[in-house]
Amino acid sequence: MKISIGCDHSALELKNDLKSYLESKGHTVIDRGTYTKDSCDYTDYGYMVAKDIQKGEVERGIVICFTGIGMSMIANKVKGVRCALVCNKDAAQLTREHNDSNCLALSAKYTGLAFAKEIVDVWLNTEFSHNERHQRRIDKITKYEEEF
């Protein structure tokens, strides 16, 4: 799978470790930065990942900041992106099955590397259910995006 990944300065180590982990599992990873621990704006990196998803350049995206909140907010501003801030494996599974999320937001503060790997594995390996009620809700999200 082709995955875009980005982070702010607080999540650099987790991003780099997850990138290596994903590549070791055979995924192609587009690293949108940041690349140093110098203070930066998470918005720039979350936006680049979300645009990769929107343009169809990647199948999924992963964004990471201190809490994951800011990254999820910026990613969800991009039309066609359904980003979920996830802090456990159950939520990772459900956001794929129910919401067909195409972007995963993680917290560098609250999610250690071992647990982040587990969350990412569940999220990447769970398919959308195609259940009618879930598809109906996603269609509504897409329709609401047209209002902007």
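Each residue takes its place number in the sequence, starting with 1.
- Two residues are said to be in side-chain contact when any heavy atoms from C-beta on lie closer than 4.5 Å; D31 and K15 meet this criterion.
- Residues I138 and R82 form a side-chain contact, since some pair of their non-hydrogen atoms from C-beta on lies under 4.5 Å apart.
- Residues passing the ring pair (Phe, Tyr, Trp, His ring centres under 6.0 Å) test with H98 are H134, sequence neighbours excluded.
- Side chains of C7 and L14 form no contact here, defined as non-hydrogen atoms less than 4.5 Å apart.
- Screening residues 38-51 for salt bridge (Lys or Arg N to Asp or Glu O under 4.0 Å), with sequence neighbours left out, gives no hits.
- Under a cut-off of 6.0 angstrom, the local environment of CD in Q135 is crowded, with over 12 non-hydrogen atoms contributed by other residues, nucleotides or ligands.
- Contact of the I5 side chain with the R32 side chain is not registered, since no non-hydrogen atoms from C-beta on lie closer than 4.5 Å.
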Identify all side-chain donor-acceptor contacts of residues 108-121 below 3.5 Å with residues at least two apart in sequence or on another chain.
residue, atom, partner, partner atom, Å
T111, OG1, S107, O, 3.2
E118, OE1, K89, NZ, 3.2
D121, OD1, Y21, OH, 3.1
D121, OD2, Y21, OH, 2.5

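- Within the 4.5 Å cutoff, no side-chain heavy atoms of V29 are placed close to those of L18.
- Heavy-atom minimum distance, S101 versus R96: O-NH1, 2.7 Å.
- Residue R136 holds its CZ atom at 8.5 Å from CG of N131, rounded to the nearest 0.5 Å.
- Under the 4.5 Å side-chain criterion, counting only non-hydrogen atoms from C-beta, E23 is not in contact with H27.
- The shortest heavy-atom contact between V122 and A92 is CG1-CB, 4.0 Å.
- Counting heavy atoms from C-beta on, the side chains of T28 and I3 never come closer than 4.5 Å.
- Of the inter-residue distances, the one linking I141 atom CD1 with N99 atom CG reads 6.5 Å to the nearest 0.5 angstrom.
- Follow the hydrophobic side-chain contacts under 4.5 Å out from L85 and you never reach Y42; the two are in separate clusters.
- When all heavy atoms of T43 and I74 are compared, the closest pair comes out as O-CG1, 3.7 Å.
- Evaluation of the side-chain hydrogen bond (donor to acceptor under 3.5 Å, both in side chains) rule for E127 yields no partner, not counting sequence neighbours.
- Side-chain atoms of C40 and Y45, non-hydrogen and from C-beta on, do get closer than 4.5 Å to each other.
- Nearest heavy atoms, G6 versus V49: N-CG2, 3.5 Å.
- Of the listed residues (E146, E145, E147), just one forms a salt bridge (charged side-chain N to carboxylate O under 4.0 Å, His left out) with K79, and that residue is E146.
- E97 and T126 get closest at one heavy-atom pair: CG-CG2, 3.5 Å.
- Heavy-atom minimum distance, G80 versus N102: O-ND2, 3.0 Å.
- For the ring pair (Phe, Tyr, Trp, His ring centres under 6.0 Å) test, residues two or more places apart in sequence or in another chain that qualify with F128 are H130.
- Surrounding CE of M73 are at most 12 heavy atoms belonging to other residues, nucleotides or ligands under 6.0 Å away.
- With rounding to the nearest 0.5 angstrom, the OG atom of S129 is 8.5 Å from the CG atom of D100.
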Audit row: D52, I30, side chain to side chain contact (heavy atoms under 4.5 Å, CB included) steps and yes/no: CA-CA 9 Å; D52 285 346; I30 308 302; 4.2 Å; yes
Side-chain donor/acceptor pairs under 3.5 Å, residues 55-66, sequence neighbours excluded:
residue, atom, partner, partner atom, Å
E59, OE2, K2, N, 3.1
R60, NH1, W123, O, 3.1

